[in-house]
Amino acid sequence: QVQLVESGGGLVQAGGSLRLSCAASGGTFSSYTMGWFRQAPGKERECAAAIDRTGGTTYYADSVKGRFTISRDNAKNTVYLQMSSLKPEDTAVYYCAARPRWKTGSYLADYTYDDWGQGTQVTVSS
């Protein structure tokens, strides 16, 4: 089990940028695939991006491709989400999640992730 704490959310104007961070503790960070999920009011939770254990492979939802970049620093036990060209529809609570190495299935599927952070609010004004 790993504990996750997100930071970096806030209010930004459309077209702006934000960088989210997620610090992990209590587990072997490099053994987890990491994901950034988001949930807007009245909508289902969706995966915005995911990154494999080494950082060599990344996955993105179509809605954020070309605008968001996920990365990780295994030496710092931290995963990041750089968000650019933000749109009002990106407004949501963003959650960091950890998927153990033995789980199978799509990296974009939330049921494959065991540990979750408390979330950080991102609000994009028009």
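For the numbers below, each heavy atom of this structure counts, side chains included, while hydrogens, waters and symmetry mates do not.
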- Task: Measure from NZ or CZ of Arg99 to the centre of the six-membered ring of Tyr107, then state whether that distance is under 6.0 Å and the direction lies within 45° of the axis.
- Result: no
- Query: In terms of hydrophobic clusters joined by side-chain contacts under 4.5 Å, are Trp116 and Val79 together?
  - Reply: no
- Query: Quick one: does Glu6's side chain have a donor or acceptor within less than 3.5 Å of a partner on Cys96's backbone?
  - Reply: yes
- What pairs meet the disulfide bond (SG atoms under 2.5 Å apart) rule with one or both residues in residues 53-95, with sequence neighbours excluded? none
- Message: Keeping Arg72 on the side-chain end and Gly55 on the backbone end, is there a donor-acceptor pair under 3.5 Å?
- Response: no
- How long is the gap from OG on Ser106 to OH on Tyr111, to the nearest 0.5 Å? 7.0 Å
- Message: Just so I know, are the side chains of Ile51 and Tyr32 near enough to count as touching, which here means a heavy-atom distance under 4.5 Å?
- Response: no
- Message: Strictly by side chain to side chain donor-acceptor pair (under 3.5 Å), give each pair with a member in residues 34-50 just once, sequence neighbours left out.
- Response: Arg38-Glu46, Arg38-Ser63, Arg38-Asp90, Arg38-Tyr94, Arg45-Asp110
- Item | Donor-acceptor contact below 3.5 Å, side chain Asp115 vs main chain Val2 | yes
- Query: So, does Tyr60 use its side chain to make a donor-acceptor pair with the main chain of Ile70 at under 3.5 Å?
  - Reply: yes
- Message: Give me the atom names and distance for the closest heavy-atom approach of Pro88 to Ala14.
- Response: CD-CB, 4.1 Å
- Side chain to side chain, Phe29 and Thr78, heavy atoms closer than 4.5 Å: no
- Task: Can you measure from OG1 (Thr33) to OH (Tyr113) and round to the nearest 0.5 angstrom?
- Result: 6.0 Å
- Query: For Gln13, does the CD atom have more than 12 heavy-atom neighbours from other residues, nucleotides or ligands under 6.0 Å away?
  - Reply: no
- Task: Could you tell me the separation between the CD atom of Glu89 and the OG atom of Ser126, rounded to the nearest 0.5 Å?
- Result: 10.0 Å
- Task: Return yes if some donor-acceptor pair links the side-chain N/O of Thr123 with the main-chain N/O of Thr91 below 3.5 Å, else return no.
- Result: no
- Candidate pair Tyr80 and Asp73, rule side-chain contact (heavy atoms from CB on, under 4.5 Å), full reasoning: CA-CA 8 Å; Tyr80 306 96; Asp73 185 337; 4.2 Å; yes
- Query: Quick one: do Phe68 and Val124 end up in the same hydrophobic cluster if we chain Ile, Leu, Val, Met, Phe, Trp and Tyr together by side-chain heavy atoms under 4.5 Å apart?
  - Reply: yes
- Item | Trace of the side-chain contact (heavy atoms from CB on, under 4.5 Å) decision for Met83 with Val12 | CA-CA 11 Å; Met83 306 185 293; Val12 63; over 6 Å; no
- Message: Closer than 3.5 angstrom, by distance alone: can the side chain of Asp52 be matched with the main-chain N or O of Thr57 as a donor-acceptor pair?
- Response: yes
- Which heavy-atom pair separates Tyr95 from Gly119 by the least distance, and what is that distance? CD2-CA, 3.6 Å
- Query: So do the side chains of Ser30 and Arg53 get within less than 4.5 Å of each other, counting heavy atoms only?
  - Reply: no
- Task: Using a 4.5 Å cut-off on heavy atoms from C-beta on, say whether the side chain of Leu4 contacts that of Met34.
- Result: yes
- Applying the 4.5 Å side-chain criterion to the ILVMFWY set and letting contacts propagate, would Val64 and Leu108 be lumped into a single cluster? no
- Which heavy atom of Ala98 sits nearest a heavy atom of Pro100, and at what distance? O-CD, 3.9 Å
- Can you tell me if NZ on Lys76 sees more than 12 non-hydrogen neighbours from other groups inside 6.0 Å? no
- Task: Heavy atoms only: give me the nearest Ala92-Ala40 pair and the separation to one decimal.
- Result: CB-N, 3.8 Å
- Task: Is it possible for you to say whether Leu81 and Val93 belong to one hydrophobic cluster, with membership spreading through side-chain heavy-atom contacts below 4.5 Å?
- Result: no
